[in-house]
Amino acid sequence: MKISTGIRLSLILAFLGAGSSFSAPRSTQAPAAKNAKAVRGKPGVRKNIRKDAGPDLFTQTLQTFLEDEDYLGLRIFLKKYALNKKKTKRSWYITRRVLDVAPQAGFDLLYVWKHISPLKRTPLEVRLQNQWQNAQQLMLRKKFSASVDVLTGLATEIRGKLSKLEATQKEDVVDLEYENITIVYPYILHSLGRALFGAGRFAESAEVYSWIPSGYAGIRQVLFEKMWAAYRAGDAGGALAAIASQKSAYFSPFLEPEAYLLQIYLYKRLCRSNELENVLKELHYFRDSLKDKSFSLVKWAGWDMESLTLLRLLKKNNYVEKNGISKALRHAEGRYIYSRLKKLYAADVNRLNSQISKVIAFSGMAVLSNTSSQLKPIKKLASRAELLKSSKEIWPYDKGEEWLDEIGTQHYLGGSQCADVK
């Protein structure tokens with residue numbers, strides 16, 4: 001279940017259609033940009049917007065939602081605004097900035113905003129988008145090395161462009177080109193990590209995955225892919241650390257079935273029988289939870305940041321009338337969100353049921369294998385001193401992670417317990 005990989009026009013239209021009866025406060029129905037000033041740029045380069053163009057009523061309304069942490073109200077308001085044919089470039093851009101700092105309103109709003117932009121793309125953006133699509137097509141045709149070349153060039157160009165714009169950017173001017181390529185950069189890195197993995201360059205793939213910020217919507221998927229890249233690169237500690245970050249308190253207590261299989265294999269190689277037994281217990285508990293349906297929608301919603309964010313909008317205190325958004329509208333949006341989550345949950349449970357039985361069967365073979373004759377034991381992991389030098393956070397594997405900006409910064413501390421093999 002990944003909303004970010006399945007956004008289609010039908011979904012966008014369905015999204016915009018929900019709650020369309022909302023009538024925005026009169027003062028914000030036609031947001032104006034009377035005070036907006038522009039800085040003329042070169043032909044084909046989008047004009048910049050001054051930061052000191054005083055707040056209009058539309059901006060003040062958004063600020064009120066943010067100050068009250070009324071994210072459900074903000075979501076309803078913006079869905080209605082998305083249908084407004086009188087959107088201005090300034091108000092669209094201001095909203096885009098708000099969504100960057102308030103993903104609690106739903107990551108799906110970010111995807112919709114991209115498709116309703118009144119801003120004409122610059123030649124640079126068109127070229128970057130075309131090259132990105134070309135790189136993804138190359139991956140689909142299993143031409144991973146060629147895709148790596150394209151994506152490496154893209155990432156290098158974007159990083160250089162960002163550095164140059166950061167150095168020349170004026171404090172009172174917002175460069176729209178800078179803002180938009182900043183948004184796309186993590187997606188390019190995610191594609192590059194995948195292409196490197198496909199090309200068999202596993203260590204480089206794991207490194208690129210580590211560059212992706214924790215605020216990226218698909219961060220749990222990134223950690224899952226980083227887990228496999230580190231494993232294929234022979235980095236047991238890195239693979240187990242990526243698994244640990246997937247078990248963050250922000251996410252579901254359960255993992256993708258493949259993650260359990262990899263843990264079992266690695267703990268077998270590390271001769272850590274206690275951890276191996278605990279993983280097997282958790283795997284069987286997960287299977288039983290699926291069978292008796294105790295793996296509820298609430299537990300499942302933590303599978304990724306997108307579904308978890310939507311679930312948190314359904315808290316009871318979000319249904320109080322305020323900021324011009326009635327209880328009826330809030331409940332209507334709540335029912336729409338719950339309906340969407342329920343459908344995604346049902347589909348994902350079917351997938352998990354299918355996969356977990358296979359993983360349990362394979363795990364039995366891994367446990368029964370003879371490490372000394374079939375698997376090369378891992379004799380040594382990085383020392384604590386080496387980990388401290390690497391800027392990784394030192395923590396026990398089983399400690400729950402609480403802060404979003406720490407996700408992906410952990411390193412596994414457990415060493416090998418294998419006896420010396422002569």
Side-chain angles (χ1 to χ4, degrees), residues 2-7 110-111 114 121-166 177-243 245-246 256 258-259 262 265-266 304-305 382 390-392 407-409 411:
K2 289 286 178 283
I3 297 174
S4 58
T5 60
I7 293 295
L110 286 169
Y111 309 135
K114 172 185 174 182
R121 291 193 300 170
T122 66
L124 173 64
E125 290 172 337
V126 172
R127 180 171 61 78
L128 293 180
Q129 182 68 33
N130 290 339
Q131 287 181 277
W132 185 18
Q133 290 177 349
N134 176 46
Q136 294 184 84
Q137 288 298 319
L138 288 170
M139 276 195 277
L140 289 175
R141 299 201 301 270
K142 299 188 182 301
K143 296 183 177 181
F144 297 108
S145 294
S147 182
V148 167
D149 291 340
V150 174
L151 291 166
T152 299
L154 269 177
T156 301
E157 180 180 0
I158 291 175
R159 184 62 260 172
K161 184 75 172 176
L162 289 175
S163 297
K164 184 177 180 180
L165 290 172
E166 286 167 359
E177 185 175 59
Y178 170 79
E179 296 292 334
N180 281 285
I181 60 177
T182 298
I183 291 167
V184 77
Y185 189 50
Y187 292 89
I188 299 295
L189 292 179
H190 195 173
S191 293
L192 178 56
R194 288 175 168 174
L196 285 165
F197 185 94
R201 296 161 64 175
F202 304 119
E204 294 172 84
S205 175
E207 178 68 17
V208 169
Y209 282 131
S210 70
W211 298 344
I212 299 174
S214 59
Y216 179 61
I219 188 61
R220 204 186 196 201
Q221 179 66 23
V222 167
L223 292 168
F224 178 77
E225 294 172 15
K226 181 182 177 182
M227 168 194 79
W228 277 113
Y231 164 69
R232 294 296 298 275
D235 180 7
L240 289 170
I243 292 170
S245 287
Q246 291 174 65
E256 283 287 343
E258 287 182 33
L262 189 54
Y265 183 78
L266 288 173
D304 59 32
M305 292 299 294
S390 69
S391 300
K392 296 286 185 181
I407 292 175
T409 66
H411 205 105

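The chain is numbered in sequence order, starting from 1. Here the structure is a predicted model, which means the values were calculated and not measured.
- The closest donor-acceptor contact from the side chain of Ser147 to the backbone of Lys143 lies at 3.5 Å or more, if one exists at all.
- If you take CG on Asp149 and CG on Leu138, they are separated by 9.5 Å, rounding to the nearest 0.5 Å.
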Q.
side chain to side chain contact (heavy atoms under 4.5 Å, CB included) for Glu157 and Arg127? Distances and angles first, verdict last.
A. CA-CA 12 Å; Glu157 180 180 0; Arg127 180 171 61 78; 2.4 Å; yes
Q.
Pair Glu204, Phe197 - check side chain to side chain contact (heavy atoms under 4.5 Å, CB included), show working.
A. CA-CA 8 Å; Glu204 294 172 84; Phe197 185 94; over 6 Å; no
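- Classification of the Trp132-Tyr187 ring pair by plane angle, with boundaries at 30° and 60°, yields tilted.
- Residues Phe202 and Tyr231 keep their aromatic ring centres 6.0 Å or farther apart.
- In this structure, Lys226 NZ and Ile212 CD1 are separated by 9.5 Å, a value rounded to the nearest 0.5 Å.
- Atom CG of Leu192 and atom OG1 of Thr152 lie 4.5 Å apart (nearest 0.5 Å).
- Closest approach of Ala242 to Leu223, counting heavy atoms only: CB-O, 3.6 Å.
- Of all non-hydrogen atoms in Ala199 and Val148, the two that sit nearest each other are CB-CG2, 4.3 Å.
- What you find for Pro213 and Ile219 is that their closest heavy atoms are O-CD1, 3.7 Å.
- Taking CD1 from Ile158 and CG from Leu124, the interatomic distance works out to 8.0 Å, rounded to the nearest 0.5 Å.
- When all heavy atoms of Gln131 and Val150 are compared, the closest pair comes out as O-CG1, 3.5 Å.
- No donor-acceptor distance shorter than 3.5 angstrom exists from the side chain of Ser205 to the backbone of Arg201, with no hydrogens or angles considered.
- A donor-acceptor contact closer than 3.5 angstrom links the side chains of Glu225 and Gln221.
- Of all heavy-atom pairs between Ala239 and Met227, the closest is CB-O, 3.6 Å.
- The main-chain N or O of Asn130 is never found under 3.5 Å from a side-chain atom of Asn134 such that the two would form a donor-acceptor pair.
- Remark: Gln137 CD to Leu140 CG distance equals 5.0 Å, nearest 0.5 Å.
- Leu196 CG to Glu207 CD: the interatomic distance, rounded to the nearest 0.5 Å, is 10.5 Å.
- Across all non-hydrogen atoms, the minimal contact from Tyr209 to His190 is CE2-CD2, 3.8 Å.
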